[in-house]
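Position 1 is the first residue of the sequence; numbering continues from there. All heavy atoms count here, side chains included; hydrogens, waters and symmetry mates do not.
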Amino acid sequence: MKGKYRAVIALLLLVVLLPLALLLTAGYWLPTLAGVWLPQGTRIALEQRPRLTRSAIVLPDLRYFAGECELAHAQNVVLSHPARWRLHLDALTLNTGCVSAIPDDPAPGAPRTLAQWQSMLPESEVDIARLTLVDLADYVGAFQASLSPQAQVVTFTGQKLEIQARLAGQALKVERLRFHAFDGQPPVSLLGEFTLGLMPDGIPTKGAAQVRFSLPQAPYHARAQLEWRGGEGQLLVFAEDDPDPLLDLPWQAGHDAFAFSDGRWRWPYQGVPLSGRVGLRVENWRGGLEAARISGRLNVVTQGSAGKGNAVLTFGPGTLSLRQSAMPLRITGEAKQDALAFYASLPATLGGPLLSPELRFLPGALLRSRGRVIDALNIEEIRWPLAGVTVTEKGVDGRLQAIARASEPGQGDMLLHLDGRADDFLPDAGLWRWRYWGNGTFEPMQSRWSIAGRGEWRDEVITLSELNTRFDQWRYGSVTVGHPQLALSTPVRWARGETAQALKGALKLDAGETRFASGASLPPSTLNFSVSGRDPSAFQFKGDLHAGEIGPVRVNGRWDGERLRGQAWWAPQPLAVFQPLLPPDWKLLLRDGGFYAQVAFSAAAGQGVEAGGHGVVKQGSAWTKDNQFNGVDFVLPFRFRDAIWQLGTRGPVRLRIAEIQSQVPARDITASLQGSYPWSEARPLVLSDVSASLLGGSVRMQQLRMPQHTPALLRLENISSSELITATNVKQVALSGAINGALPLWLDNPQWIVHDGWLTSPGPLTLRVDKEMADAMARDNAAAAAAVNWLRYMEISRSWTRLDVDNLGVLRMRSEFQGESHVDGKKSGVRLNYQHQENLFTLWRSLRFGDNLQSWLEQHATLPAARCKATSGKTCEEQP
């Protein structure tokens, strides 16, 4: 009995302990045992011991190697058999790059056909909570499969990829395929039915698929049709509501080669119609992507106002690999859009992994362009040397250069250079440093200019660190500005981040002396201004302008991408600082008084410059050689538009001068001015309500309109003849009494300055001639002695004078006098007719009176001599 018990106990120990021992040592014997069925050159490795539960076997960590390359890594593998086999994995990572390390020769007895593979499948389910492909790390998702020898159903669900397909024998039905190709865009969807070949490594022998996808721009929605039978088929791509295909691609597949032949494509969108043909050949395609050799050709036909262009892309033969591609390519030909043409000769190589390729341009790579970007700008040539430049998914790396020659009719020409280096640069990512220089002409300002500077684009920040723009001059109309120069005071920095957009910097414009054709000048000036805002299309500016002692003029405003708006304040300062702005031949010296102004302005393309504001002079004082102007006050509101000044916007400008000290003193001078300068018939300039107190009386003028059609009537009221004689410094004659008159004044008459003017006396006049003068006149001319005696002392009861002044300054007077002469206690009636002719300009110069008036009249009046020469080529003296 004792021996029987021992046998039973030993059997129980064997039944219990042997499986336990096998389980505990599975890490040693299981990989070796599995190697019997695994492909040659592959192996598995267990990092932890398997666990046995009541209903499952658990492998915490399983790795599968092809040679020394880890093909798969499974975590927490659970194998159970509740009703059918069920395999669950928490995570599976596959490295498809290790497939090439598996020998091509299958193991003896391994299945070869699709049916053989399907017949080996047990009734089972596979559930992978997280499936990751090393080469496609963005496409992570959950995988489920329901397997049986009769049918296999596969489902994959991820953020960027969703698949549901069913395979029954050779019939494959794709029930759902959704692929998110672009962020923010609808996914690509595919539905189709296919017949697979007998061999699992071949393409389907027959199939039809419908693919719908969206594009980020027109035509927005598109669909593709793919059909084939045997070794040939056709791919068609249509835009929505367009019966003509965008892509027509016939293809053929042989045992060793796969080719797209005589494919046609077109793209009539975005205002640039494109079309062309495409061909592609893939050799050794059955060996997979790594072994395939690819070559092809794509041409692009463009149409512009300059004609047709044809650019060709040739590539291969080369390889595209998930590890390291090697594809030579070349772009040659020309492309044309509207009046712009591009010429390319770009040899390059495509390397690096296929999912992160690297395009490197080879020596000789050059892109050129010429034509017109806009109607006015003619691009004579732009050259982009690209040798050594590399383009990757990270950006552009290498030396970036550009040389541009351009011209604009009526504006000038330019030559610009750009040279810099990029380091993994993309817009708002990476680094691009550059420097630039160039020169040109600016015809509207009759100037030549040069420019130089440096900057960089680092991630989302563009910085202009150096700028130096020089002009030899600005000459516009009667103004010449010497040697303007624009430079940076502080770097201009533009942060382009979506949440933190900012533009900030400061600049300085220096200019030499500004000269005017009149002889006036403005001292060297400096404009300092800063900019701050969101971006170059929306910023504010502020600054100040100094020109010697003139200024500062404070300026601020904003730019909204289309229009420049701003305001300027001229702080109160002495009037004398503006002395340089007065022409020297005016001989006018500014003394006392103050000035200030305020202006609002705007400028835009097609509009030009518009401005409006006012200037104020208070208690101004100025001296000329013979006159003094004291107590000058006026406020001048104005508007400027289309090169026209509108003076006095809401009402006439009122000018007041307290006194003018001269040979003929005047006081309380007032005048009103309103209208346009330059004036025209539609926009006249009107000087009105002119009045002044002088010579004991007053001078008034109701209105002077320019352009002038009627004379401006200058009225003289109660002018004291004795003060007139005193002012003219005539000592041999004494005259007393009041004088009235009216002088029709012309400023642009071809012949007259005053025509049909008259003078009269409202009361008696008394004339006395110096005795010595009268005696001398009587002694020299006995015939005139009686007349001279009448004039020694004469009381004039009535007088009437008509006068004319022509454009040469010749005064013609015809006077009639009636009165009584008192000689030696006797009275006698006298009637005197008197005619006189004299040149006023000569008289004024002899009296040191009226030099400025004479100069003004000579400049603005139409002289007969000039008129004669302009009309007949003869002088006035030659005219009959």
Side-chain angles (χ1 to χ4, degrees), residues 69 94-100 132-140 160-161 179-183 185 188 213 215-216 235 247 249 258-260 263 265 267 274 276 278-285 287-300 311-333 335 342 344-367 384-400 421-432:
C69 185
L94 298 178
N95 185 358
T96 56
C98 297
V99 175
S100 60
T132 303
L133 300 179
V134 173
D135 296 326
L136 298 171
D138 292 337
Y139 300 94
V140 178
K160 292 191 174 184
L161 180 65
F179 172 56
H180 293 263
F182 305 101
D183 293 336
Q185 295 294 324
V188 177
F213 54 94
L215 300 172
L235 172 64
L247 177 65
L249 202 60
F258 181 92
F260 294 102
W265 66 275
W267 190 257
L274 306 175
V278 60
L280 175 70
R281 181 176 178 84
V282 183
E283 299 178 348
N284 195 28
W285 66 276
L289 181 63
E290 301 290 334
R293 289 186 62 79
I294 304 171
S295 60
R297 183 178 185 273
L298 170 71
N299 82 299
V300 180
V312 179
L313 167 65
T314 56
F315 53 92
T319 60
L320 298 177
S321 170
L322 294 174
R323 291 179 294 177
Q324 183 63 42
S325 301
M327 178 65 67
L329 55 88
R330 176 182 288 272
I331 302 174
T332 56
F342 292 89
S345 178
L346 301 173
T349 60
L350 184 68
L354 184 60
L355 298 178
S356 57
E358 176 184 283
L359 179 66
R360 178 180 295 275
F361 291 99
L362 301 178
L366 177 64
L367 180 63
W384 290 282
L386 295 175
V389 174
T390 301
V391 182
T392 67
E393 63 178 356
K394 296 180 180 179
V396 179
D397 189 89
R399 184 181 182 184
L400 297 181
R421 177 163 292 278
D423 185 5
D424 292 338
F425 173 77
L426 287 173
D428 296 335
L431 175 62
W432 177 25

Please identify each residue that fulfils salt bridge (Lys or Arg N to Asp or Glu O under 4.0 Å) with R399, with sequence neighbours left out.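 In terms of salt bridge (Lys or Arg N to Asp or Glu O under 4.0 Å), with neighbours along the sequence ignored, R399 is linked to D419.
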Quick one: are L249 and W265 in side-chain contact, heavy atoms under 4.5 Å? no
Taking side chain as C-beta onward, heavy atoms only, is L280 less than 4.5 Å from F315? yes
For residues [X] and [Y], report the shortest heavy-atom separation together with the two atoms involved.
X	Y	result
G352	Q324	N-NE2, 2.9 Å
P363	A387	CA-CB, 3.8 Å
A348	L362	CA-CG, 3.9 Å
P328	G318	CD-CA, 4.2 Å
P353	S325	C-OG, 4.3 Å

[atom1]/[X] to [atom2]/[Y] distance, rounded to the nearest 0.5 angstrom?
X	Y	atom1	atom2	result
D423	D397	CG	CG	5.5 Å
I331	L367	CD1	CG	9.0 Å
L426	E393	CG	CD	10.0 Å
M327	S321	CE	OG	11.0 Å
L359	T390	CG	OG1	8.0 Å
L346	L366	CG	CG	7.5 Å

Check side chain to side chain contact (heavy atoms under 4.5 Å, CB included) between V134 and all other residues, then give those that pass, not counting sequence neighbours.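 Testing V134 for side chain to side chain contact (heavy atoms under 4.5 Å, CB included), a comparison that skips the adjacent residues, returns T93, N95.
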E358-T392 side chain donor-acceptor pair, cut-off 3.5 Å: no
Listed by chain and number, what are the ring pair (Phe, Tyr, Trp, His ring centres under 6.0 Å) partners of W432, not counting sequence neighbours?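 Applying ring pair (Phe, Tyr, Trp, His ring centres under 6.0 Å) to W432 gives F425, W434.
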For R360 and T349, what are the C-alpha separation, side-chain angles and deciding distance, and is it a side chain to side chain contact (heavy atoms under 4.5 Å, CB included)? CA-CA 5 Å; R360 178 180 295 275; T349 60; 4.0 Å; yes
Option from N299, L329, V300, V278 for which side chain to side chain contact (heavy atoms under 4.5 Å, CB included) with L313 holds: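 By the side chain to side chain contact (heavy atoms under 4.5 Å, CB included) criterion, L313 pairs with just one of N299, L329, V300, V278: L329.
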